[in-house]
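Every heavy atom of this structure was used, including side-chain atoms; hydrogens, water molecules and symmetry mates were not. Chain A is the first sequence line, chain B the second, and so forth, proteins listed ahead of strands; every chain is numbered from 1.
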Amino acid sequence: MSCEEDGPSEQGPNSVGPCTSSSSETDAKSGDVITVTIGATVPTGFEHTAAEEVKEKIGVEARISKDRGRIYFPITTDKLFQVHLLRSVDNLFVVVEEYDHYQFKQSKEETLMELQQLASKLPWTNALEVWKLNGTLKKKKGHRKGGSTTKVKPNRNTADVAAADTEQQLHQVVSAAESHLEVDSAADAEPCEQDSQEAAPEARVIKFRVTCNRAGDKHSFSSNEAARDFGGAVQEFFQWKADMTKFDIEVLLNIHNEEMVIGIALTEESLHRRNISHFGPTTLRSTLCYGMLRLCKPQASDVILDPMCGTGAIPLEGAIEFSSSFYIAGDNNDMAVNRTVNNICHIQKRRADKGRISGLPIDTVQWDLCSLPIRTSSVDIIITDMPFGKRMGSKKKNWDLYPLCLREMARVCRPGSGKAVLLTQDKKCFAKAISRMGGLWRKLHTVWVNVGGLHAGVYLLKRTGAVFGQTPEDVHESRGMCNTQGDEKEDKELS
Amino acid sequence: MKLLTHNMLTSHVKGVTKGYPLLIKATEVKVNEVEFNPQFVSRMIPKLEWGALVQAAEELGHRQDLPGELVQDYEKNEDFLKKVHRVLLEVEVIEGCLQCPESGREFPISKGIPNMLLNEDEV
């Protein structure tokens, strides 16, 4: 979905001219292409993966805020739609201002007073332009049948005024934004959050809220206090209305020690649950699934197995984003396989509604992971979220489960070229299990992530060249396994 | 269940040594369009058990004119690749069962999902 493909009237009050970049940040005349900094929150641990994706899809270098799950990158407004193609980001915002070494005052009163004063001095114009532009992009995204029902009508009056003064420009942007919202409530046929009996267009005021995240031990104030006071000043300056739940604009105030970033949110709800309509107890967010998939670099015709798929989040993300591979999602649980199939159908239907070829390269099987009904050495990549023992299974069960899993996964995985990407919170158990599998698996890399508040590891493993059934590890008996003689014979038949 | 998946599935009933390929008995089959990617198909072919694929397509009545042996230089033959694409990814068994060729044990397929779980005594 490209800005260039659509007619000028769908882009906002003004048509965006030819994409010559006028990268001066002070020039905020509506219609010019401007450069802004976009911030994105990503699953902690996958900042590099996200930066890679930005480089690949947008072509710019991203800055990483190490271990804090945030990356920053520049973008020109004519390419803004590209940020919505990113699969590794949870939330997006446009930066209003960044301070690397903000000197907070000693006392709480002084600090808060300063924050209040800051509100009127910040360079809001460009960020608000981007917020407005983003609003029109999202409207187009939401419509499945050609996007003709909700065109943002040009409001020529405000657009034509060439403002020299910043404040005038600002109000111009704001009132253009208001007119964009007018058209929303008038023409929008879909059920929306706003009350349909809301005030007549002319009386429509922008609603906003401020969200503050604060980290650091030298601050004299709390995030609530900062949000409250900063928000109060913002309200005063713009004459917007504060509303915690039904807001049009979300202003972000992120403070980490001496770093402070003020931004405007570009995503309403986190993008991380985009594929899943049928949730299970431990469904992984899609951005995390995407990060794991990127880690193993799926190639064309790779056969990719998720032997404990749950609701199918990982293979489904793969089938959509890395669609030149083939995914087999499997689980032993009835509900899990049913949910997986439902999630797949949901996505296929959504694609069909958009007029796209709906079929995805993915299949679902019900199986026991310790005894996979899969030919030996036929799988290229195994990618899965292993039971954590806290929300699913138990630590004691993991003790037995992990070695059996790893062994069976080694059997089906192609020697020499095969890989595995395994997410687990039970790091001790996993480390022990893998240490006894040196003949079959080699650890390449580990990414430390945060999953629902739990500290977990994503392990990238390489399948050694050793043929299964011949290394010391897999000759060893364990409870519940078929006898090794039978295994070896079967393996030779099938390989 | 797509035939590409079937090509990889094998019976793991205890004691069975010739559990591949599983026989298909289908009561409902659907054809769903999937985007054609010639590179995917040509690279997948060497990973397949070709005989098993043809046999499975035959069992479903969707073999059409797929050859019993692989043609030479199939990588460049787009017509051939399209036929293989269809059989691998577009033909799906929705209801039916898979049967172990040695033990006769049947694994049901319901809503497109084969249930390969074994009972306690079969493991």
Side-chain angles (χ1 to χ4, degrees), chain A residues 299-303 305 319 323-334 336-338 340-342 344-345 348 351-352 356-368 370-380 408 412 414 480-483 486-494, chain B residues 1-22 30-49 52 85-86 88-94 98 100 102 107-119 122-123:
Chain A
Q299 304 296 308
S301 90
D302 272 349
V303 175
L305 220 73
S323 57
S324 58
S325 303
F326 184 71
Y327 299 82
I328 306 184
D331 205 291
N332 62 352
N333 181 284
D334 283 343
V337 292
N338 282 317
T340 300
V341 163
N342 287 339
I344 295 170
C345 286
Q348 288 183 163
R351 286 158 67 100
R356 297 179 60 184
I357 295 179
S358 62
L360 289 170
I362 182 170
D363 224 341
T364 310
V365 181
Q366 190 166 7
W367 63 36
D368 173 6
C370 295
S371 177
L372 290 170
I374 297 274
R375 280 196 278 133
T376 298
S377 306
S378 58
V379 172
D380 295 293
E408 189 65 350
V412 303
R414 242 181 273 280
M481 296 302 299
C482 305
N483 78 61
D487 268 68
E488 279 176 50
K489 202 160 165 229
E490 200 172 75
D491 294 340
K492 284 187 188 129
E493 299 270 10
L494 297 170
Chain B
M1 180 197 71
K2 297 182 202 276
L3 292 186
L4 175 47
T5 306
H6 166 264
N7 202 262
M8 302 181 47
L9 288 175
T10 169
S11 166
H12 52 150
V13 173
K14 188 172 174 182
V16 163
T17 52
K18 288 191 163 69
Y20 182 88
L22 293 158
K30 275 204 182 128
V31 180
N32 288 315
E33 201 183 351
V34 176
E35 205 158 323
F36 172 61
N37 177 346
Q39 198 187 41
F40 172 91
V41 183
S42 70
R43 288 199 193 174
M44 188 60 85
I45 289 174
K47 300 180 185 181
L48 302 170
E49 289 290 329
H85 162 82
R86 185 176 178 279
L88 282 179
L89 295 177
E90 297 188 328
V91 176
E92 294 193 53
V93 179
I94 308 295
L98 295 170
C100 170
E102 187 177 315
F107 299 95
I109 302 176
S110 169
K111 293 192 255 187
I113 311 169
N115 183 344
M116 308 299 295
L117 291 175
L118 293 171
N119 302 320
E122 291 173 301
V123 174

Practice prompt. Could you check which of A/Gly359, A/Ser324, A/Ser301, A/Ala352 has the highest count of heavy-atom pairs closer than 4.5 Å to chain B?
Written response: A/Ser301
Worksheet item: Measuring heavy-atom distances to chain A, does B/Asn37 have an atom under 4.5 Å in its side chain, in its backbone, in both, or in neither?
Response: side chain
Worksheet item: With chain A, which of B/Lys47, B/Met44, B/Lys111, B/Glu92 has the greatest number of heavy-atom pairs at distances under 4.5 Å?
Response: B/Lys47
Worksheet item: Are side-chain heavy atoms of A/Thr364 and B/Thr5 found at a separation under 4.5 Å?
Response: no
Item to complete: Please look at B/Leu89 and chain A and tell me whether the side chain, the backbone, both or neither of the residue comes under 4.5 angstrom of a heavy atom of that chain.
Response: side chain
Discussion item. Less than 4.5 Å apart, side chain to side chain, heavy atoms only: is that true for B/Val93 and B/Leu98?
Written reply: no
Worksheet item: Side-chain contact, heavy-atom cut-off 4.5 Å: B/Phe107 with B/Val13?
Response: yes
Practice prompt. Mind ranking A/Val412, A/Leu360, A/Asp363 by heavy-atom pairs under 4.5 Å with chain B and telling me who comes out on top?
Written response: A/Asp363
Worksheet item: What part of A/Asp334 lies closer than 4.5 angstrom to a heavy atom of chain B: side chain, backbone, both or neither?
Response: neither
Worksheet item: Should we say atom CD of B/Glu90 is surrounded by more than 12 heavy atoms from elsewhere, each under 6.0 Å from it?
Response: yes
Practice prompt. Identify which of A/Pro373, A/Ala300, A/Ser323, A/Gly330 forms the greatest number of heavy-atom pairs closer than 4.5 Å to chain B.
Written response: A/Pro373
Practice prompt. Would you indicate whether the side-chain heavy atoms of A/Trp367 and A/Ile374 approach each other to under 4.5 Å?
Written response: yes
Item to complete: Go through the atoms of A/Thr340 and report whether side chain, backbone, both or neither lie under 4.5 Å from a heavy atom of chain B.
Response: neither
Worksheet item: Is it the side chain or the backbone of A/Arg414 that comes within 4.5 Å of chain B heavy atoms, both, or neither?
Response: side chain
Response to the item:
dist A/Asn338:CG -> A/Asp331:CG (nearest 0.5 Å) comes out at 11.0 Å
Practice prompt. Using non-hydrogen atoms and a 4.5 Å limit, figure out which bit of A/Val337 sits close to chain B: side chain, backbone, both or neither.
Written response: both
Worksheet item: Rounded to the nearest 0.5 Å, how far apart are CZ of A/Arg356 and CD of B/Glu33?
Response: 12.5 Å
